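Quick notes on the structure that follows.
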Amino acid sequence: MRISSVVLTAAMVAFSIQMATAQSIEEKAAICAGCHGENGKPVSPEIPVIWGQKEGYLYLQLRDLKRGDRKNEIMSGIAAGLEKSDMQELAKYFSEKPWTNLQQKSADAATASQAQTVASSAQCEGCHLSGYLGDSTIPRIAGQSEAYMLKTMNEFRSGARANNAWMVTLLKSYSDSDIAALSKYIAGL
Amino acid sequence: MTSYKTGKWLVGAAALIASIAVISTSASAAEEIKNATKFGNMNTVTQDLLNRAGGDGNNFLHTNGDYTQSRYFPNKQINVGNVSKLRPAWVFQTEVKDTMETSPIVVNGVMYVTTAFDHVYALDARTGEELWHYKQKLGPITTYCCGPNNRGVAVYEDMVYLATLDAKLVALDAKTGKQVWETQVADPELGYSETMAPTAVKGKILVGTNGGEYGIRGFVKAFDAKTGKNLWTFNTVPESSVGVWATNDATGRDMHRDIAAEKAALAKIGDPYKTLGGGVWQNPAVDLETNRIYFVVGNPSPDLDGSLRPGDNLYTDSLVSVDLETGKYVCHFQYIAHDVWDLDAVSPPAIVNAAGKDGKPMKAVIHGGKTGHIYVHDAKDCSLIRFSEAMVPQENMWVLPTKDGARMLPGANGGVEWSPLATNPALGLAYAINLHQPMTYHVESSAYPAGKLWLGGAFKIIPTEEQWGNVTAVDYNTGKIKWQVKTQQPMIGGILATAGGLVFTGESNGQFEAFDAETGAALWKFQAGAGVNAPPSSYTVDGKQYVVVAAGGNAQVDSKRGNSIIAFTAD
């Protein structure tokens, strides 16, 4: 635990320095590729796809990470060194990349049915829109990494991710099984 | 408006290139025939034309028919006797296959419709042929609840006006679709967005704002039609929003407010007006005689958590009237003080001639509430004359939201959502479409999240309970329900009444239907293939009456999406 924290802190500092010295958008974006993947495929399932993600959403997440409204051991440090114009530029850059297909399997019929019942009750498509493709400040979640979605939904439920009160309230009222079904189903779309 | 290719252009072309003069001349003749109506070529939507829209059986010039918002079309060529012969004259497919709430506007044979994500199309109303297509380039930040909707355009003189998801007002050249000007109405990063059709009147373009779910401070603004300059702003939440500590709703039912706790909160946190919400989702009715406008104001922010916003939360959940020239307050009536259920006021009001308390006819303003009542007000002072019988089941009102959820009917979408009413003045009836969606109301306090969705809890559909809708005709002179037709699914979209003794409305399951205005008898239906969740319009061109509606589904009730504008005739 202690070692991992040290490693993370070191990585965070290194990334922050790199980000501060990077000049062009390509240089800045290259730093992101360390985790989010050089070709858009993240290096770990718990790291989200950001290629092809919505521009407004990416900007707001960077803004919230800088403000401290959303916390992440690596990203908080990186965002701290970004100006608003950097965030806007990065958000635009990644939103214009093609979405990365992670080739995740479709959910089985029982899981899909459970997830659809939850999604209907929570009116998920009211915000994430038809096909869960998102728009502007609402993220695309169709085809997002299952492990990341499970992690982030659980962070909403625990309050660890506190930059969207609505999602906190909404997701808290569903069971572990419901959340797992939603993650699997939407990841497989 | 119809002269999108002018004589001048054609004459110029002929003069420049002699070799194609014959072709041009022949094209010119064809265009002239195509554009001609028995009323001639009207290039400009004058104020006079807009004023007389209620009696204009050819055009459909306002989102809700005319300035009174009657949604009553005066042509009876399509009527109870021949509606069974109604068939599609043409179908136009838009580029965007997503939620459609547009009210088609028709000016002398040219139709203007909008789609999700703020596209505008001008179409030949006879054939559905595309004349031009405008796509608003949206900024990176849009914050809208309930889908990327747009409810249509306003027309004035030689321009078409669009309000956008990124909170801009845009003026387009009606002939070409080219942008003339755009102005920022408010900051989308703070939760402001636009989905309503603007209203054009006397050189002004009026718009409200969405954002009651994002902690905005709502408004109605007037802009100069020619330049886009802001002329006045009426804040729907005054700096003193506390009010009179009303304990009962408009119908006299106890809302279970803890006034002592609210007063203590007020002393501690002060007036919450800066983030109190109060969006205006729909068009105002305009009284040309008194130069007043009437509109309804939506819910307070955060929707379900009253602890952060002590007081009546004026003028949320209210009918409000202001002066058209100055934007100064005239009167208001609040339906639900300190609303914690989002059962707010969204459906646009209409001005009618209704029986007063003494039975004598008077100028009245009616509004269909999410509560399921139609409210009838005195236009002079906004006071309540009567309210109708409930059009949907009401149970457990007004139980307070809890952490684990309290069941109450209606659910948070209504009753009557944003869907406009229609009226038939001869019958004294108002027609409303309703939802029945059982929900539980949950409260969970959270701090203002700076422009993000801020509901202070959640309302959740109960998946095990049946949902349905209805079409209801209410006698606004008595408040009694005249007839009611149950529908398979909750109703959202709009309704149109015509002098042909008909009402037209659509359902989420794709059915577009005509009912007998007097009895509710189902006379005709058409399966549109996608949710019909938009208000119909009607128009007449070359002596032929059409009924037109969008079938694109709806994000809020998640009905099947499509991309069609369908025009019907009875020949």
Side-chain angles (χ1 to χ4, degrees), chain A residues 53-64 67-70 84 87-96 113-114 116-138 156-157 159 161-174 178, chain B residues 97-99 116-117 138-148 165-166 188-189 191 193 213-215 302-305 403-405 412-413 437 439-440 442-464 467 553-561:
Chain A
Q53 187 51 281
K54 302 299 168 192
E55 182 180 354
Y57 172 76
L58 290 174
Y59 163 70
L60 287 187
Q61 297 314 299
L62 290 169
R63 184 199 72 176
D64 289 354
R67 284 182 180 176
D69 293 343
R70 181 177 179 180
K84 184 172 180 175
M87 298 182 209
Q88 289 172 328
E89 215 176 355
L90 284 166
K92 186 166 190 298
Y93 177 83
F94 284 111
S95 72
E96 288 171 352
S113 172
Q114 183 182 359
Q116 283 163 355
T117 302
V118 174
S120 168
S121 162
Q123 302 166 76
C124 298
E125 284 184 294
C127 292
H128 288 284
L129 303 183
S130 187
Y132 302 94
L133 293 173
D135 175 56
S136 187
T137 54
I138 304 293
F156 276 128
R157 294 166 83 206
R161 181 172 172 180
N163 71 330
N164 190 322
W166 162 246
M167 287 295 289
V168 170
T169 308
L170 195 64
L171 293 176
K172 263 184 186 175
S173 60
Y174 294 100
D178 288 338
Chain B
K97 185 187 168 192
D98 210 329
T99 182
F117 302 109
L138 292 169
I141 304 289
T142 56
T143 44
Y144 52 83
C145 122
C146 319
L165 290 171
D166 53 354
E189 199 168 332
S193 65
E213 278 64 41
Y214 296 84
D303 300 43
L304 293 133
D305 178 14
K403 189 167 184 304
D404 296 327
N413 286 330
Q437 281 185 307
M439 290 190 188
T440 48
H442 305 247
V443 62
E444 183 159 334
S445 198
S446 60
Y448 169 61
K452 292 228 187 71
L453 198 62
W454 192 33
L455 301 186
F459 12 73
K460 294 198 301 183
I461 291 169
I462 304 170
T464 52
Q467 301 182 38
N554 183 266
Q556 196 170 348
V557 292
D558 197 22
S559 60
K560 187 182 171 191
R561 306 300 200 276

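Order of the sequence lines fixes the chain letters, A, B, ..., with proteins taken first and strands second; residue numbering starts at 1 for each chain. Predicted model only: the values in this text are computed from it and were never measured.
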Q.
If we ignore hydrogens and angles and just use 3.5 Å, is the side chain of S136(A) paired with the main-chain N or O of P140(B) as donor and acceptor?
A. yes
(Q) I'd like to know whether K84(A) forms a salt bridge (Lys or Arg N to Asp or Glu O under 4.0 Å) with E189(B), so could you lay out the CA-CA distance, the side-chain angles of the two residues, the decisive distance to 0.1 Å, and finally the verdict. (A) CA-CA 13 Å; K84(A) 184 172 180 175; E189(B) 199 168 332; 3.8 Å; yes
Q: Select one option (side chain, backbone, both, neither) describing which atoms of V168(A) are under 4.5 Å from chain B's heavy atoms.
A: side chain
Q: List the atom of C127(A), the atom of L453(B), and the distance in Å for their closest heavy-atom pair.
A: SG-CD2, 4.5 Å
Q. Nearest 0.5 Å, what's the CH2-CG distance between W166(A) and D303(B)?
A. 9.0 Å
Q: Using a 4.5 Å cut-off on heavy atoms from C-beta on, say whether the side chain of D135(A) contacts that of L138(B).
A: no
Q: Report yes or no: does T137(A) contribute a side-chain atom to a donor-acceptor pair with the main-chain N or O of T142(B) at less than 3.5 Å?
A: yes
(Q) Given heavy-atom pairs under 4.5 angstrom as the criterion, report whether the side chain, backbone, both or neither of A450(B) touches chain A. (A) both
Q) Given the options S121(A), G126(A), S95(A), G56(A), which has more heavy-atom pairs under 4.5 Å with chain B than any of the others? A) S121(A)
Q. Rounded to the nearest 0.5 Å, what separation is found between the OG1 atom of T117(A) and the CD1 atom of I461(B)?
A. 12.0 Å
(Q) With rounding to the nearest 0.5 angstrom, report the CG to SG distance, D558(B) to C124(A). (A) 10.0 Å
**Q.** Contacting region of K92(A) [heavy-atom separation from chain B under 4.5 Å]
**A.** neither
Q: For Q123(A) and Q556(B), work out which heavy atoms get closest and say how close.
A: OE1-O, 4.3 Å
Q: Below 4.5 Å from any heavy atom of chain A, which atoms of K460(B) appear? Answer side chain, backbone, both or neither.
A: both
(Q) Using modelled atom types and a 3.5 Å cut-off, is there a donor and acceptor pairing between side-chain atoms of K452(B) and backbone atoms of N163(A)? (A) yes
Q.
I need the E444(B) CD to L170(A) CG distance, nearest 0.5 Å.
A. 10.5 Å
Q) Which answer fits D64(A), side chain, backbone, both or neither, if we ask what part of it has an atom under 4.5 Å from a heavy atom of chain B? A) side chain
Q.
Would you compute the distance between atom OG1 of T99(B) and atom CD of E125(A) and round it to the nearest 0.5 angstrom?
A. 12.0 Å
Q: Specify the closest pair of heavy atoms between G147(B) and L129(A), including all atoms of both residues, with the distance to one decimal.
A: CA-CD2, 4.2 Å
Q. Distance from K172(A) atom NZ to H442(B) atom NE2, nearest 0.5 Å?
A. 13.0 Å
(Q) Can you tell me which portion of L455(B) sits under 4.5 Å from chain A's heavy atoms? Options are side chain, backbone, both or neither. (A) side chain
Q: Name the option with the most non-hydrogen atom pairs under 4.5 Å to chain A; the candidates are S446(B), C146(B), A555(B), G457(B).
A: G457(B)
